[in-house]
Amino acid sequence: MIAGVIERFDDYYVVIRTREGEILYWPKRDIPKDSVPGAIVYAMLSSQPYTHPLQVDPKHILNTLLLGSE
């Protein structure tokens, strides 16, 4: 997990400074809409694709809840 502070908003990117002093240029579309300069944000990079909870098969959710298995 990467933590940083929003320094400013550019045209398409948000400039984030990490605790280590590194600068990240993150796409503005991927930042929460209510973010402002000075806000602390967290980002995560992964080599595995992200599956949004709403993209999970409803049958799998019911089986997990009813049968208690993954």
Side-chain angles (χ1 to χ4, degrees):
M1 176 102 33
I2 300 169
V5 176
I6 296 176
E7 285 200 341
R8 66 179 184 278
F9 290 86
D10 285 343
D11 290 332
Y12 300 101
Y13 296 94
V14 174
V15 179
I16 300 169
R17 182 177 297 273
T18 68
R19 293 178 183 155
E20 293 79 22
E22 297 169 319
I23 299 292
L24 302 175
Y25 295 91
W26 207 265
K28 194 186 287 187
R29 69 177 183 273
D30 294 336
I31 299 290
K33 300 289 183 208
D34 60 348
S35 297
V36 295
I40 297 173
V41 291
Y42 300 91
M44 187 177 81
L45 301 174
S46 174
S47 62
Q48 301 299 317
Y50 173 72
T51 302
H52 191 279
L54 296 179
Q55 295 173 330
V56 175
D57 179 26
K59 184 178 178 182
H60 174 74
I61 294 172
L62 284 174
N63 284 337
T64 301
L65 291 172
L66 297 174
L67 303 175
S69 63
E70 281 291 316

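- When the side chains of ILVMFWY residues are joined at heavy-atom separations under 4.5 Å, either directly or via intervening members, Ile23 and Tyr12 end up in a single hydrophobic cluster.
- Closest approach of Phe9 and Ser35 over heavy atoms only: CZ-O, 3.5 Å.
- The side chain to side chain contact (heavy atoms under 4.5 Å, CB included) test with Ile6 singles out one residue from Ile31, Leu24, Val15, and that residue is Ile31.
- Met1 and Val5 fall within a single hydrophobic cluster, where Ile, Leu, Val, Met, Phe, Trp and Tyr are joined by side-chain heavy atoms under 4.5 Å apart, directly or via other members.
- Considering OH of Tyr13 and CG of Asp11, their distance stands at 10.5 Å, rounded to 0.5 Å.
- To the nearest 0.5 angstrom, Tyr25 atom OH is 8.5 Å from Glu7 atom CD.
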